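Every number for a ligand or one of its atoms is a count from 1 in the order of the listing. Treat the numbers as computed from the prediction; the structure is a model and nothing was measured. Because only heavy atoms are used, hydrogens play no part in the values below, and waters and symmetry mates are left out as well, while side chains stay in.
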Amino acid sequence: MAGARRERAAVLCGLAGWVPPRIVTNDELSQRLDTSDAWIRTRTGIGQRHFADPGQATSDLAVEAGRRALAAADLPAPQGGPTAGLTEDRPVDAVVVATTTPDRSCPATAPLVAHRLGLTGVAALDVSAVCTGFVYGRAAAAGLITAGAASRVLLIGADTYSTIVDPDDRANAIIFGDGAGAVVLRAGYADEPGAVGHFDLGSDGAEEELIMVAAGGSRQRSLPGEPSRAERHFAMQGKAVFRHAITRMTASARASLTAADWKVDDVDHFVPHQANQRILRAVADDLGLPLERCISHVESVGNTGAASIPLALADAAAGNVIQPGDRVLLSAFGGGLTWGSCVLRWPALPSPTPSAPAAAQPVSVSEGGPHAS
Ligand code: COA
């Protein structure tokens with residue numbers, strides 16, 4: 001008699017992050033904005049962020065993270081069958097880039113990233129879900145794999161918020177940083193360590209005005225007149241976003257846990273979108289998760305959008321904070337509004353190199369603020 005059929009799944013087998021070298025401290029921002037290191041740290045937990053250099057685009061960051069993730073990936077040699085088209089030089093057959101800051105509004109950034117990684121010819125698409133982009137991208141990549149459309153996917157979350165945030169807007173300029181994080185997913189089975197699953201995904205377009213760049217799309221382009229400076233930049237209603245981020249991430253994380261049949265106590269590491277330390281702390285509190293199980297490095301990189309979860313994972317893995325077998329819960333929230341969560345049991349992975357010397361020490365949320373773990 002044939003045994004039970006194993007459920008196909010996308011399995012994590014490579015991870016890396018990269019942030020541009022230029023560090024922008026709170027003190028540097030305070031020199032030209034009416035703000036202070038103390039205000040920023042108290043309200044957000046952020047101490048510094050990294051900015052891309054002028055002319056450096058999201059694809060530049062994505063290529064750096066993608067190259068590192070591919071080099072670090074634990075990939076068995078292609079064995080024919082679904083991996084028949086793969087070679088050592090072409091180790092994946094799809095590239096997904098999650099970003100809010102594509103190089104151009106047309107075409108997508110992923111084909112260029114694939115090309116620059118020597119992967120010309122593979123499937124390549126962007127996922128646009130603002131700060132939820134990485135979790136949505138994971139679901140898209142898992143779908144490509146379980147549908148048989150790809151056997152290995154390079155998924156990159158990359159954003160250069162410094163290119164869309166008005167540098168004179170003190171409410172937003174303090175929050176965001178630039179970065180990229182990448183994972184390699186391969187076809188495998190749901191009962192393997194590294195299998196990503198039990199997604200909870202959602203959206204509420206009625207609240208689109210809470211986070212937006214008003215100009216640049218078809219809504220504005222079909223109207224007469226030039227867009228204003230405010231319309232060309234990123235706008236966010238911080239207080240309302242703060243409340244939604246907490247309630248949506250908490251509910252989504254709970255839904256994913258329920259689907260996985262995990263209790264909150266089963267979670268070894270909660271890796272939320274690194275929005276802001278107060279949001280992370282509130283979500284952990286609402287979930288009833290001990291704060292030391294909540295991974296954060298928002299202090300050293302700020303909110304890096306779609307890059308934040310893979311960057312936090314890469315730095316936590318590089319610092320040996322996450323061990324093989326640990327149960328990990330990911331949850332994100334972003335403009336749209338969008339939210340999403342998923343779970344995985346951590347696989348044995350080659351240790352990624354830290355995304356930047358400054359980001360090498362992952363920090364955990366604590367009552368007294370961020371601290372090195
Ligand atoms: N430095 C000093 N003062 C600032 C400031 C800054 N960088 N930014 C805003 N302020 C001022 C405001 O002008 C306001 O002044 P007023 O009382 O004289 O009007 C005061 O601080 C309080 O502003 P408020 O917006 O109520 O502050 P807040 O406590 O809500 O904190 C955020 C602002 C943006 C930090 C907070 O709303 C937040 O974290 N929101 C979520 C943002 C986020 O993480 N988004 C990503 C989700 S994906």
Side-chain angles (χ1 to χ4, degrees), residues 24-49 98-101 127-137 157 159 161-162 164-179 201-204 207-213 230 233-253 271-284 294 296-299 301-312 330-341 365 369-370:
V24 178
T25 62
N26 293 344
D27 286 336
E28 181 178 339
L29 289 181
S30 307
Q31 283 167 19
R32 56 179 181 76
L33 294 171
D34 183 13
T35 189
S36 66
D37 179 57
W39 195 96
I40 299 169
R41 283 184 187 274
T42 310
R43 301 294 175 115
T44 69
I46 297 167
Q48 62 173 40
R49 69 288 295 145
T99 186
T100 307
T101 53
V127 167
S128 178
V130 195
C131 296
T132 316
F134 183 74
V135 174
Y136 265 71
D159 268 314
Y161 270 89
S162 66
I164 58 168
V165 170
D166 182 343
D168 294 334
D169 172 3
R170 69 173 178 173
N172 288 317
I174 59 156
I175 293 177
F176 293 94
D178 301 337
L201 304 173
S203 74
D204 180 5
E207 304 281 9
E208 73 150 0
E209 292 193 356
L210 295 185
I211 295 176
M212 69 158 52
V213 180
H233 286 100
F234 177 90
M236 176 169 67
Q237 297 178 33
K239 267 196 189 312
V241 167
F242 191 93
R243 285 193 298 270
H244 275 288
I246 294 167
T247 54
R248 300 299 194 182
M249 270 203 282
T250 305
S252 180
V271 188
H273 164 52
Q274 310 282 300
N276 144 354
Q277 202 75 348
R278 283 159 67 213
I279 292 176
L280 271 55
R281 187 175 299 151
V283 175
C294 179
S296 164
H297 68 168
V298 74
E299 198 272 340
V301 295
N303 180 341
T304 56
S308 82
I309 288 179
L311 264 180
L330 311 181
S331 189
F333 169 84
L337 302 177
T338 52
W339 55 87
S341 303
V365 175

Who passes salt bridge (Lys or Arg N to Asp or Glu O under 4.0 Å) against Glu28, sequence neighbours left out? Arg22
Closest contact, heavy atoms only, Gly157 versus Phe134: N-CD1, 4.4 Å
Which one holds for Val130 and ligand 1: side chain close, backbone close, both close, or neither close, with close meaning a heavy atom under 4.0 Å? neither
Compute the minimum heavy-atom distance from Ala245 to ligand 1 and say whether it is under 4.0 Å. no
Backbone or side-chain N or O of Ile175 under 3.5 Å from ligand 1 N or O: no
Just jot down the ligand 1 atoms closer than 4.0 angstrom to any heavy atom of Ile279, in number order. 41 (C), 44 (O)
Counting non-hydrogen protein atoms only, what is the nearest one to atom 45 (N) of ligand 1? Give residue, atom name and distance. Met236 SD, 3.2 Å
Could you work out, with side-chain hydrogen bond (donor to acceptor under 3.5 Å, both in side chains) as the rule, every residue matching Thr99, not counting sequence neighbours? Thr101, Asp159
Looking only at protein heavy atoms, what sits closest to atom 15 (O) of ligand 1 is Arg170 NH2, 4.3 Å
Subset of ligand 1 atoms that lie under 4.0 Å from at least one heavy atom of Asn276: 38 (C), 39 (O), 44 (O)
If you take all heavy atoms of Thr42 and Ala38, which pair is closest and at what distance? OG1-O, 2.6 Å
Which heavy atom of Gln237 sits nearest a heavy atom of Glu209, and at what distance? NE2-O, 3.5 Å
Of the non-hydrogen atoms in Thr132 and Gly334, which two are nearest, and what is the gap between them? OG1-N, 3.0 Å
Distance under 4.0 Å to a non-hydrogen atom of His273: what atoms of ligand 1 satisfy this? 48 (S)
Show the atoms of ligand 1 that are less than 4.0 angstrom away from any heavy atom in Phe333. 48 (S)
Take Arg170 and Asp34, measure what salt bridge (charged side-chain N to carboxylate O under 4.0 Å, His left out) needs, and give me the verdict at the end. CA-CA 7 Å; Arg170 69 173 178 173; Asp34 183 13; 3.6 Å; yes
Going by the order shown, which atoms of ligand 1 are within less than 4.0 Å of some heavy atom of Ile174? 7 (N)
Which heavy-atom pair separates Asn26 from Gln48 by the least distance, and what is that distance? OD1-N, 4.1 Å
Ranked by distance from atom 40 (N) of ligand 1, the top protein heavy atom is Gly238 O, 3.0 Å
Out of all atoms in ligand 1, which are within 4.0 Å of some heavy atom of Val241? Include the element for each. 45 (N), 47 (C)
At what distance is the nearest protein heavy atom to atom 46 (C) of ligand 1, and which residue and atom is it? Asn303 ND2, 3.4 Å
Return yes if some donor-acceptor pair links the side-chain N/O of Thr338 with the main-chain N/O of Ala129 below 3.5 Å, else return no. yes
Residue, atom name and distance, where the atom is the protein heavy atom closest to atom 35 (C) of ligand 1: Thr44 CG2, 3.8 Å
Those atoms of ligand 1 less than 4.0 Å from some heavy atom in Cys131: 48 (S)
Ligand 1 atoms in contact with Ala275 (distance to a heavy atom under 4.0 Å): 44 (O)
If we only count heavy atoms from C-beta on, is the Glu299 to Gln277 side-chain gap below 4.5 Å? no
In this structure, atom 24 (P) of ligand 1 is nearest to the protein heavy atom Lys239 NZ, 4.0 Å
Atom 19 (O) of ligand 1: protein heavy atom closer than 4.0 Å? no
Considering the options Asn172, Val165, Ile164, Asp166, which one meets the side-chain contact (heavy atoms from CB on, under 4.5 Å) requirement together with His233? Asp166
What is the closest protein heavy atom to atom 21 (O) of ligand 1, and at what distance does it sit? Trp39 CZ2, 3.4 Å
Which residue holds the protein heavy atom closest to atom 6 (C) of ligand 1, what is that atom called, and what is the gap in Å? Thr35 OG1, 3.3 Å
Ligand 1 contact by Asp34, heavy-atom criterion under 4.0 angstrom: yes
Check whether any N or O atom of Arg43, backbone or side chain, sits under 3.5 Å from an N or O atom of ligand 1, and answer yes or no. yes
Are the side chain of Ser331 and the backbone of Met249 linked by a donor-acceptor contact shorter than 3.5 Å? yes
Is_contact(atom 10 (N) of ligand 1), protein non-hydrogen, under 4.0 Å: yes
Do Thr44 and Val298 come close enough that some side-chain heavy atom pair is under 4.5 Å? no
Any protein heavy atom nearer than 4.0 Å to atom 42 (C) of ligand 1: yes
If the plane angle is over 60° it's perpendicular, under 30° parallel, otherwise tilted; pick one for Tyr161 and Phe234. perpendicular
